[in-house]
S.K.: 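Encoded as structure tokens, here's the structure I'll be asking about.
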Number of protein chains: 4
Amino acid sequence: MNALLWPGDDRAGELFGDTAVLTAMVSVETAWLANLAVHGIAPRAAAQPLAGLTDADDVPGIARAAEAAGNPVVPLVALLRERAHRLDAETPRWLHRGLTSQDVLDSALMICARDTSAAITAELETQVRTLAELARAHRSTPMIARTLTQHAVPTTFGAKVAGWLHGLLDAADDLAATVFPAQFGGAAGTRAAVVELAVLAGADNPVATAAAVADATAADLGLRAAAPWHTARTPVTRVGDAWTRCTDAWGRVANDVLVLGRPEIGELAEATGDGRGGSSTMPNKANPVLSILIRRAALSAPGTAAQLHLAAAASVDERPDGAWHVEWQPLQLLARHALGAGRQASALCTGLQVHPERMRATFDAALPGALAERAGMRELFGAAPDDDPARYVGAACAVVDAALERARPFLDGER
Amino acid sequence: MNALLWPGDDRAGELFGDTAVLTAMVSVETAWLANLAVHGIAPRAAAQPLAGLTDADDVPGIARAAEAAGNPVVPLVALLRERAHRLDAETPRWLHRGLTSQDVLDSALMICARDTSAAITAELETQVRTLAELARAHRSTPMIARTLTQHAVPTTFGAKVAGWLHGLLDAADDLAATVFPAQFGGAAGTRAAVVELAVLAGADNPVATAAAVADATAADLGLRAAAPWHTARTPVTRVGDAWTRCTDAWGRVANDVLVLGRPEIGELAEATGDGRGGSSTMPNKANPVLSILIRRAALSAPGTAAQLHLAAAASVDERPDGAWHVEWQPLQLLARHALGAGRQASALCTGLQVHPERMRATFDAALPGALAERAGMRELFGAAPDDDPARYVGAACAVVDAALERARPFLDGER
Amino acid sequence: MNALLWPGDDRAGELFGDTAVLTAMVSVETAWLANLAVHGIAPRAAAQPLAGLTDADDVPGIARAAEAAGNPVVPLVALLRERAHRLDAETPRWLHRGLTSQDVLDSALMICARDTSAAITAELETQVRTLAELARAHRSTPMIARTLTQHAVPTTFGAKVAGWLHGLLDAADDLAATVFPAQFGGAAGTRAAVVELAVLAGADNPVATAAAVADATAADLGLRAAAPWHTARTPVTRVGDAWTRCTDAWGRVANDVLVLGRPEIGELAEATGDGRGGSSTMPNKANPVLSILIRRAALSAPGTAAQLHLAAAASVDERPDGAWHVEWQPLQLLARHALGAGRQASALCTGLQVHPERMRATFDAALPGALAERAGMRELFGAAPDDDPARYVGAACAVVDAALERARPFLDGER
Amino acid sequence: MNALLWPGDDRAGELFGDTAVLTAMVSVETAWLANLAVHGIAPRAAAQPLAGLTDADDVPGIARAAEAAGNPVVPLVALLRERAHRLDAETPRWLHRGLTSQDVLDSALMICARDTSAAITAELETQVRTLAELARAHRSTPMIARTLTQHAVPTTFGAKVAGWLHGLLDAADDLAATVFPAQFGGAAGTRAAVVELAVLAGADNPVATAAAVADATAADLGLRAAAPWHTARTPVTRVGDAWTRCTDAWGRVANDVLVLGRPEIGELAEATGDGRGGSSTMPNKANPVLSILIRRAALSAPGTAAQLHLAAAASVDERPDGAWHVEWQPLQLLARHALGAGRQASALCTGLQVHPERMRATFDAALPGALAERAGMRELFGAAPDDDPARYVGAACAVVDAALERARPFLDGER
């Protein structure tokens with residue numbers, strides 16, 4: 001997977017790349033076949049692991065062949081059937097039996113989504129730990145608060161970081177609440193084929209046997225057992241929303257770094273080195289490229305996630321005529337964009353350069369205007385004993401402490 | 001509130017209308033002022049209820065005056081100060097003290113969002129009860145499943161309704177999980193002004209007093225006490241996502257009614273009567289207007305909700321330069337669109353006409369093609385004893401039962 | 001029309017407000033009826049002007065009644081028929097004859113869109129004149145160019161303004177190219193009803209008579225005569241795209257003002273006065289509210305315009321089941337947002353405060369880094385005779401001149 | 001380029017694929033270098049063609065290296081400099097001189113966009129010819145018009161196809177009006193570096209020489225010479241809007257095929273054969289996969305195009321901090337989606353199966369309701385001599401003729 005026009009894509013590695021999707025589809029077919037055998041429907045010998053039958057080189061051919069059927073599962077199954085003879089004579093005949101294309105693709109997408117979410121969560125954990133340390137260190141570092149671009153009142157850099165932390169912790173909460181259900185409903189969500197196979201195999205309770213196959217396959221794949229959700233697309237929209245919550249949170253951090261890193265402000269800077277931030281023509285430049293690319297992802301994600309909701313809203317029948325198909329690529333893009341941005345955000349947080357002396361200088365220059373609110377109150381209600389401007393930060397320290405308290409499970413390694 | 005170009009807007013009544021927002025803003029000011037007095041900061045006499053000072057007639061003037069400050073709170077506070085003399089001489093002086101515009105508007109929007117969500121939840125409850133009854137009644141009603149617009153295999157109408165139910169129950173779960181935090185952070189999220197007022201009032205622990213004022217005001221307003229979230233916009237995106245989950249679910253029901261209500265199919269129909277569905281020129285028409293308007297809302301909501309995420313992603317500083325302002329109207333529109341669609345969906349579900357005989361006729365006409373999957377398996381794996389085509393519905397009844405089980409808390413009135 | 005949550009909405013005045021839409025719908029009915037008479041289909045007496053039959057007070061009732069038929073035309077026609085007796089006994093019978101709801105609403109929306117576009121064009125003209133003057137005045141005013149937030153190389157403020165001008169001129173070109181077709185297709189785009197009426201009236205060539213009625217009505221309304229476009233929605237998407245091109249251009253100006261108006265930079269500022277930019281709690285603040293509200297509109301417009309394209313893409317049949325209905329409110333919102341932003345942009349441009357001394361100071365402070373590109377070339381290719389840093393602005397003056405040349409038709413009043 | 005999760009992506013071939021972008025960037029560097037020599041700035045020997053220095057195998061490495069600088073041009077230039085020694089000793093030193101990364105990437109994207117637009121236009125031409133033939137053949141084929149999913153009044157299939165044609169012709173007009181400007185502005189849009197090089201080379205009028213280099217390079221690349229547009233992104237949004245106009249038009253055709261191809265309606269069908277439309281489990285299925293995949297693209301494009309407008313609206317400074325970067329991948333995706341959908345639409349139109357007998361049967365069954373409008377008028381205004389229901393199609397034939405007239409330049413090969 002490479003993406004010339006989305007710099008940083010490689011940070012997502014193989015996660016939710018085309019090869020990963022192929023691998024996941026094959027693992028769904030393997031696990032289902034195994035459970036057909038376990039539950040007495042298919043012969044034991046048929047249930048061979050299929051993982052070795054395909055590799056990354058098959059992706060282009062399957063991709064090309066996918067148009068004819070409208071999805072990549074049909075050519076994949078054809079390929080597997082063709083090659084499975086080498087495993088066992090019964091395997092081609094039993095492979096994919098009881099499944100529909102959507103079962104395989106939806107389950108595979110959920111596997112990829114789960115793996116991506118786990119990787120994103122790991123980044124959030126790194127960031128929370130890093131920023132908690134930063135918030136603690138700058139709990140009382142005075143800086144000017146800016147509202148609507150203008151100097152407002154005093155705050156502390158710790159309080160700003162506490163705000164970043166809340167965004168990240170909210171995103172982590174949403175990711176933790178996301179579930180990844182398997183999809184095993186058959187052609188129309190009734191599991192008719194696998195029930196029929198159970199009948200043919202002489203099962204006492206074919207419906208229960210079908211459910212057992214589905215639930216056991218879900219368990220083997222590390223997915224949640226679930227009722228068929230072919231046209232109730234909540235699992236897709238929920239994970240898309242959760243990833244967008246992440247990019248929202250990172251975008252806000254990046255925006256602050258970009259503003260506060262302008263040379264006239266200079267209160268924050270990205271770490272330099274490794275040739276990062278260079279210009280093709282201006283040797284003087286040190287561009288905040290991590291923040292720029294994170295901001296890019298944050299501006300992009302809402303529109304991409306909206307495509308998932310649109311797909312859900314346009315669903316119809318027992319499998320829709322385009323509304324299913326429009327989900328796949330946006331989900332993949334959103335996953336890779338979010339993970340890439342998450343890893344960039346970790347690098348950003350870890351390397352962040354803080355310049356308290358610039359914060360202080362700007363703060364001092366903003367006086368006495370920045371205390372006009374306080375002066376107004378004192379005029380009305382009387383003077384207070386203490387006039388240190390940096391003291392007009394109210395509950396800033398409490399704000400930091402509350403964020404750190406909320407972050408504690410991350411710091412203690414409880415997560 | 002009227003919306004000539006969004007038919008059905010009036011179904012949302014006054015909820016999250018401009019007057020409701022005004023009322024909510026005034027209630028925030030009142031509750032804050034009361035708690036300033038309760039916690040010894042403001043004199044008791046200052047803490048008058050402000051509700052009577054404004055009414056719907058003030059909306060246009062405040063709306064017009066809102067541009068100068070960029071938000072409606074500044075002119076509202078000016079108006080309240082001007083009129084509050086009639087309550088108590090101290091009231092104008094103390095009113096809004098310790099607050100920033102964003103505190104008042106964000107808290108007011110959360111009040112309106114909470115009330116709208118409650119009303120939407122009530123609709124979901126009605127729908128779940130109605131559809132559970134329908135699923136039960138048609139647990140075994142055979143119909144043809146349609147995938148990619150074409151006849152696929154048999155299913156039951158009950159199984160289709162079970163799919164609708166899962167979408168609604170998912171949405172209800174997300175709504176139930178939504179929290180509505182108050183916003184009390186002052187000019188820059190540090191609560192500096194109210195802490196200062198507590199200092200001036202001689203509080204032992206001014207920061208704790210400020211927190212007590214904030215938390216008590218939240219409680220009085222029925223909102224969750226929370227750390228300032230001026231630039232961590234999760235509360236807004238979460239509720240937007242949850243409402244969109246609702247319109248997604250209703251859209252999918254409406255799409256099915258629209259397809260199955262085409263005259264050539266005729267398996268479902270909207271209730272007629274009350275002049276609904278008429279044409280301006282064709283007396284023969286009975287248009288499925290509820291479904292059409294619901295589908296409209298479902299197509300629209302994802303793009304509107306994406307604006308909320310974009311706002312969150314573009315946040316910066318201690319109050320952003322446009323990213324906050326761009327949230328308000330989309331949030332209001334999404335709320336009213338969702339609630340209106342929810343009430344239309346309740347009417348749609350309650351009045352839904354089901355034609356099992358048309359379902360059966362289409363089903364019969366789809367044979368034997370609709371059993372081709374079964375025939376293929378039998379060819380491979382041997383014949384089953386029972387050949388009733390309507391029996392090739394697999395676990396359809398179990399699918400219904402599982403959905404009903406999940407819906408039980410709604411049916412038992414536990415929710 | 002008021003919009004509490006979209007400050008500045010009143011700048012759009014009545015244009016494309018609900019009352020304007022009502023008025024436009026009535027004017028369509030009037031003009032059609034007149035042309036039925038002119039072309040010998042309806043009796044002369046029937047063709048009364050209907051304008052006096054309704055007023056703004058009818059909007060709420062029509063809006064409420066619109067749900068039953070799915071659009072506001074059906075209740076409007078009912079109302080007009082009920083009241084038209086007072087004009088002439090034949091009027092109710094002939095009114096709306098040969099039209100379908102979509103004819104009336106689409107034509108009315110085009111009237112409102114045309115009027116809004118004209119008003120937006122007037123703003124663009126003002127802005128182009130203002131900015132051309134500014135570009136000329138600051139043709140050689142040195143400032144530092146900023147790329148990726150960092151100081152890059154020298155430029156002039158005139159060159160920056162030239163860039164703004166190109167955006168505005170592009171938008172003006174697109175607006176000038178927009179056409180506003182009338183919609184007169186009857187129930188299914190075949191004009192069957194009016195052709196039938198022409199038959200009944202004994203027309204020699206009923207199809208030609210129907211076309212004559214349609215084309216004359218279009219001309220009377222100031223719209224382009226056109227083939228029915230009930231399901232080919234280009235007129236709607238084109239105007240939406242053109243308006244978004246405007247908000248794009250204004251957004252870019254506002255973003256520059258917001259960045260360059262940060263106190264640490266201080267190179268630009270909005271005009272102050274009229275209480276604009278005040279804070280509810282901080283008397284020191286002078287917020288750039290025009291830029292903030294313009295930026296808000298620019299962030300919002302793309303998602304709104306996308307709804308129009310989605311509607312076009314989801315069109316089906318001879319009138320779609322929701323895809324038509326979802327167009328109306330976004331079109332109205334986009335119109336009012338764009339016009340409001342346009343008028344704010346005119347105020348912004350007219351009042352813009354430029355601080356060349358701050359530009360110069362920043363420029364000087366950016367040396368010698370800002371000349372590193374030049375230094376690199378000189379190292380490679382030899383020194384040039386002139387070392388004035390402000391001379392490293394290349395073709396900046398030519399860039400200004402080219403933009404002024406392009407703006408000339410606006411300056412000469414040729415437009 | 002393969003895209004496992006966007007079936008049909010391969011229909012776009014190499015157009016706007018990553019390798020095509022790389023090739024275009026190299027061609028920009030080559031043409032610029034050549035013109036530096038032609039205009040006396042660089043030595044003739046330095047101006048070597050660079051095309052052979054890179055190939056598709058370089059894409060992954062450049063993509064990976066692109067993050068450090070935030071764009072792929074910086075590592076590409078490094079690679080070219082490293083390898084250009086084999087061409088001429090002067091080439092590495094002169095290569096890219098006077099350019100900025102954005103010049104190279106923007107110009108390359110315009111080259112790819114132009115090539116994609118040309119390919120899309122060719123598809124539109126094919127479709128217009130095919131559909132014009134179809135409209136002519138079915139000029140009088142009666143069918144029932146459907147509005148809001150219900151039977152309305154008679155129409156002809158030719159009139160429906162005429163509506164499709166207008167959508168395609170509108171899109172073709174917009175594509176024909178699109179221009180593709182080169183970008184040659186240097187680091188900050190002032191062309192300072194190339195002007196400086198012209199100074200060092202002793203040019204009489206260095207600014208004019210710089211303009212001559214830029215304009216000649218544009219001409220060599222087949223792009224429009226233009227003022228720098230680094231932050232005035234109209235060229236990007238215009239082409240995105242034009243492509244979306246195409247997918248809108250194709251989506252509307254696909255939607256009609258999907259509805260009219262439902263088995264209960266059966267008036268249209270996709271061509272079968274080549275294994276297209278098969279199911280992984282149901283041998284009876286013949287799915288309209290072309291229409292499904294076209295509809296998918298149509299649902300997706302508006303949100304993708306909106307990202308381009310958002311990028312334009314968020315532009316700032318002389319090169320923005322993320323708003324530029326967010327454009328590239330959506331532009332590429334939109335291009336490939338549109339071209340793929342265009343080629344699918346050509347296949348759909350060419351192979352479309354029309355069933356006039358089913359149209360007629362449905363039409364007959366819709367009587368007399370479908371004539372209720374006519375009956376109502378006759379009741380009011382008297383009977384007409386002819387009662388053939390198929391005659392109540394008004395100007396349907398004229399509608400066809402007008403569309404054919406508009407299509408004539410395509411039919412005559414004038415385009």
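Within every chain, numbering begins at 1; the chains are lettered A, B, ... in the order of the sequence lines, protein sequences first and strands thereafter.
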S.K.: Determine, step by step, whether B:Leu165 and B:Arg406 satisfy the side-chain contact (heavy atoms from CB on, under 4.5 Å) criterion, reporting the C-alpha distance in whole Å, the side-chain angles of both residues, the deciding distance to 0.1 Å, and the verdict.
M.R.: CA-CA 9 Å; B:Leu165 274 170; B:Arg406 192 178 164 203; over 6 Å; no

S.K.: Do you know which of A:Asp321, A:Thr237, A:Val259, A:Thr149 has the most heavy-atom pairs under 4.5 Å to chain B?
M.R.: A:Thr237

S.K.: If you round to the nearest 0.5 Å, how far is CD1 of A:Ile265 from CZ of A:Arg146?
M.R.: 5.0 Å

S.K.: Take A:Leu36 and A:Val213 through the side-chain contact (heavy atoms from CB on, under 4.5 Å) test and state the conclusion after the steps.
M.R.: CA-CA 6 Å; A:Leu36 286 183; A:Val213 171; 4.1 Å; yes

S.K.: Sort out for me which of B:Cys397, B:Ala403, B:Ala312 touches chain A most, counting heavy-atom pairs under 4.5 Å.
M.R.: B:Ala312

S.K.: Tell me, side chain or backbone of B:Ala227 under 4.5 Å from chain A's heavy atoms, or both, or neither?
M.R.: side chain

S.K.: Where does A:Val316 contact chain B at under 4.5 Å (heavy atoms): side chain, backbone, both or neither?
M.R.: both

S.K.: Look at the side chain of B:Arg93 and the backbone N and O of A:Leu380, then say whether any donor-acceptor pair between them is shorter than 3.5 Å.
M.R.: yes

S.K.: Output, in order, the C-alpha distance, side-chain angles, deciding distance and verdict of side-chain hydrogen bond (donor to acceptor under 3.5 Å, both in side chains) for B:Thr234 and A:Arg245.
M.R.: CA-CA 7 Å; B:Thr234 320; A:Arg245 204 99 61 221; 5.7 Å; no

S.K.: Can you say whether A:His325 sits under 4.5 Å from chain B via the side chain, the backbone, both, or neither, judging by heavy atoms?
M.R.: side chain

S.K.: Is there a donor-acceptor pair closer than 3.5 Å between any side-chain N or O of B:Thr178 and the backbone N or O of B:Asp174?
M.R.: yes

S.K.: Who wins among B:Val194, B:Leu148, B:Leu258, B:Leu197 for the most heavy-atom pairs under 4.5 Å with chain A?
M.R.: B:Leu148

S.K.: Contact part of B:Arg238 toward chain A, heavy-atom cut-off under 4.5 Å: side chain, backbone, both or neither?
M.R.: both

S.K.: Can you tell which of A:Thr304, A:Asn255, A:Leu308 has the highest number of heavy-atom pairs within less than 4.5 Å of chain B?
M.R.: A:Asn255

S.K.: Please state whether the side chain, the backbone, both or neither of A:Ala402 comes within less than 4.5 Å of a heavy atom of chain B.
M.R.: neither

S.K.: Might you work through the side-chain contact (heavy atoms from CB on, under 4.5 Å) test for B:Asp317 and B:Arg319, ending with a clear yes or no?
M.R.: CA-CA 5 Å; B:Asp317 290 339; B:Arg319 180 161 315 127; over 6 Å; no

S.K.: Is it the backbone or the side chain of A:Ala249 that comes under 4.5 Å from a heavy atom of chain B, or both, or neither?
M.R.: neither

S.K.: Counting heavy-atom pairs under 4.5 Å to chain A, which of B:Asp170, B:Val207, B:Val195 comes out on top?
M.R.: B:Asp170

S.K.: Kindly compute the distance separating CE (A:Met143) from NZ (A:Lys160), expressed to the nearest 0.5 Å.
M.R.: 5.0 Å

S.K.: Tell me, for A:Ala398 versus chain B, whether the close heavy atoms (under 4.5 Å) come from the side chain, the backbone, both or neither.
M.R.: side chain

S.K.: So which part of A:Arg233 gets closer than 4.5 Å to some heavy atom of chain B, the side chain, the backbone, both or neither?
M.R.: neither

S.K.: Select, from B:Trp94, B:Trp324, B:Trp229, B:Trp250, the one with the greatest count of heavy-atom pairs under 4.5 Å involving chain A.
M.R.: B:Trp94

S.K.: Do you know which of B:Pro302, B:Gly202, B:Gly251, B:Ala208 has the most heavy-atom pairs under 4.5 Å to chain A?
M.R.: B:Pro302

S.K.: Using the side-chain hydrogen bond (donor to acceptor under 3.5 Å, both in side chains) definition, which of the options A:Thr244, A:Asp241, A:Asp248, A:Thr247 pairs with B:His309?
M.R.: A:Asp248

S.K.: Any donor-acceptor pair under 3.5 Å linking the side-chain atoms of A:Trp164 with those of A:Asp256?
M.R.: yes

S.K.: How many angstroms lie between CH2 in B:Trp243 and CG in B:Leu334, if you round to the nearest 0.5 Å?
M.R.: 6.0 Å

S.K.: I need the residue from A:Leu310, A:Thr231, A:Thr155, A:Val153 with the largest number of non-hydrogen atom pairs under 4.5 Å to chain B.
M.R.: A:Thr231

S.K.: Of all of A:Arg191, A:Arg97, A:His230, A:Gln150, which one pairs up most often with chain B through heavy atoms under 4.5 Å apart?
M.R.: A:Arg97

